[in-house]
Peer 1: 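Have a look at this one.
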Amino acid sequence: MSTPIYWLGNIEENRIWIKREDLLPFSFGGNKARKAELFMREIKNGGYDCVVTYGTSSSNHCRVISNLCVSHGLPCYVISPSEKSDPTYNSVMTALFKAQTTTVPAQEVHDTIENKMRELEKSGYRPYFIEGGGHGKLGTEAYVQCYEEIKEYEIEKGIRFDYIFLASGTGTTQAGLVCGQLADGAKRQVIGISIARRNPRGREVVLDCVRSYFAALGQRISEKRLQEAVVFIDDYINGGYGLDSVKIRETIEWVLKTYGIPLDATYTGKSFYGMTEYIRQRCVRDRNILFLHTGGTPLFFDALKNAERYRREGVI
Ligand SMILES: *Cc1c(COP(=O)(O)O)cnc(C)c1O
């Protein structure tokens, strides 16, 4: 699977391209679909017969994994933290795909997962566990492969991206791109725009993920290069996971009107807004910039519906 890169336009005298991970062909695409392909390969090779995973009701991950499971006839168990939120298109689809969701207070999630795994094993199943958001080695590997696609595009077109911007959540997607970059030594900066986590923890998680990827390959990367390569910006969180703002809603509307591309309020709208602010505030000029559209298209429709409600209620 590979996704197209398109020329977008100029922002503050920079040249912007977009890589459309949202156009991956399975279950509305997105980075969870790219990661899921590798999980499925391991599930098949390992002879697993059901899947246990974790995520919130708005999770793209749970939608993609439960879709994959139902299409392969595998039972799927989702552990969700209880939260005050309305159903989203993702949660409606996760239910449609017959995932069996157990909702527990956030602090009980860990034990509930362990119990579910043990219970399934006792009943003679061979459950496969996927971390929330597809975090971990396979998720990282998926984005090392994505980085290779970016390099191929550069060679074909004779250009080099000075920056790659993306939404960073668990940090796995960012870690994969950084691993690709460290392996090839290209002079560029991958910039993760945090959608929820704060520093220093947010950045530490990306660093750990990069370290363990190279450790598993038996390679050592100097601490100096590692520190330089991981940029995790927590300036545009807007209060936390899933919380948007007028600025983010305006960005989503502008990108849709100008380029006909859907962004959502939790991930891509936040990171696109973060990218434009980063460029403006740090006076980035005359550079080639790639924005990684990490997907989340069902959340675009949630954002659209919410924006309409805000307008009706006079919030905007
Ligand atoms: C999960 C997700 C992210 C964050 O990916 P991580 O690998 O967890 O950092 C970004 N964008 C979208 C649309 C997502 O669904």
Side-chain angles (χ1 to χ4, degrees), residues 3 18-24 26-39 53-67 88-91 93-94 130-147 164-180 190-198 201-210 213 230-234 236-237 240-242 244 248 252 255 261-275 291-303:
T3 57
I18 186 167
K19 182 163 173 67
R20 300 285 306 270
E21 292 289 281
D22 58 319
L23 298 182
L24 280 167
F26 187 73
S27 194
F28 301 91
N31 62 351
K32 305 310 184 298
R34 187 184 282 272
K35 294 175 187 179
E37 199 193 2
L38 299 192
F39 289 123
T53 194
Y54 160 77
T56 62
S57 70
S58 59
S59 163
N60 292 312
H61 169 72
C62 291
R63 181 243 313 154
V64 169
I65 296 300
S66 57
N67 200 161
T88 64
Y89 289 108
N90 280 333
S91 69
M93 278 190 273
T94 302
I130 304 178
E131 272 192 64
H135 184 59
K137 190 171 151 280
L138 280 186
T140 307
E141 177 60 37
Y143 274 85
V144 173
Q145 292 176 8
C146 177
Y147 184 89
I164 302 173
F165 282 88
L166 76 152
S168 207
T170 69
T172 313
T173 304
Q174 182 179 356
L177 296 178
V178 168
C179 288
V190 175
I191 302 203
I193 304 288
S194 175
I195 55 92
R197 283 183 185 159
R198 293 227 169 261
R201 178 175 172 247
R203 182 164 176 273
E204 275 306 323
V205 176
V206 182
L207 281 167
D208 283 348
C209 208
V210 174
Y213 179 83
V230 178
V231 177
F232 187 86
I233 304 292
D234 66 357
Y236 311 107
I237 290 171
Y241 181 77
D244 67 351
I248 291 170
I252 293 172
V255 171
I261 295 173
L263 301 178
D264 76 280
T266 304
Y267 297 103
T268 53
K270 219 174 231 192
S271 54
F272 198 96
Y273 169 70
M275 173 179 77
F291 177 77
L292 191 75
H293 189 315
T294 44
T297 301
L299 293 173
F300 162 79
F301 292 101
D302 290 303

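Counting starts at 1 for both ligands and their atoms, following the listed order. On a predicted model such as this, the values are computed, not experimentally measured, just so you know.
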Peer 1: Cation over ring, K32 on Y143, under 6.0 Å and within 45°?
Peer 2: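 The answer is no; the distance or angle limit is not met.
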
Peer 1: If I take atom CZ from residue R20 and atom CZ from residue F291, how far apart are they, to the nearest 0.5 angstrom?
Peer 2: 10.5 Å

Peer 1: Give me the nearest non-hydrogen protein atom to atom 11 (N) of ligand 1 as residue plus atom name, then the distance to 0.1 Å.
Peer 2: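 The answer is T294 OG1, 2.6 Å.
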
Peer 1: Considering only the protein, which heavy-atom contact is closest to atom 7 (O) of ligand 1, and what is its distance?
Peer 2: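 Here the nearest protein heavy atom works out to T173 OG1, 2.6 Å.
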
Peer 1: For atom 9 (O) of ligand 1, find the nearest protein heavy atom and state the residue, atom name and distance (0.1 Å precision).
Peer 2: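 Among all protein heavy atoms, the one nearest atom 9 (O) of ligand 1 is G169 N, 2.7 Å.
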
Peer 1: Just verifying a value: how many Å separate T266 OG1 and I195 CD1, rounded to the nearest 0.5 Å?
Peer 2: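 Nearest 0.5 Å value for the OG1-CD1 distance: 7.0 Å.
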
Peer 1: So is K32 in contact with ligand 1, going by heavy-atom distances below 4.0 Å?
Peer 2: yes

Peer 1: What atoms of ligand 1 come within less than 4.0 Å of a heavy atom belonging to G296?
Peer 2: 13 (C)

Peer 1: V64 and A33: which non-hydrogen atoms are nearest, and at how many Å?
Peer 2: CG1-CA, 3.8 Å

Peer 1: Would one find an N or O of N31, backbone or side chain, under 3.5 Å from an N or O of ligand 1?
Peer 2: yes

Peer 1: Could an N or O of ligand 1 be found under 3.5 Å from any N or O of Y267, whether backbone or side chain?
Peer 2: no

Peer 1: Does G133, backbone or side chain, put an N or O under 3.5 Å from an N or O of ligand 1?
Peer 2: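 Among all N and O atoms of G133, none is under 3.5 Å from an N or O of ligand 1.
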
Peer 1: Would one find an N or O of A167, backbone or side chain, under 3.5 Å from an N or O of ligand 1?
Peer 2: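 No; the residue has no nitrogen or oxygen that sits under 3.5 Å from a nitrogen or oxygen of the ligand.
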
Peer 1: Assess S168 for proximity to ligand 1: is some non-hydrogen atom of it under 4.0 Å away?
Peer 2: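 Contact check S168 vs ligand 1: positive.
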
Peer 1: Among the heavy atoms of K35, does any lie under 4.0 Å from an atom of ligand 1?
Peer 2: yes

Peer 1: Distance from C209 atom SG to H135 atom NE2, nearest 0.5 Å?
Peer 2: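 One gets 4.5 Å once the value is rounded to the nearest 0.5 Å.
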
Peer 1: Side chain, backbone, both or neither: which part of N60 has a heavy atom under 4.0 Å from ligand 1?
Peer 2: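 It is the side chain that gets close, since no backbone atom is under 4.0 Å.
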
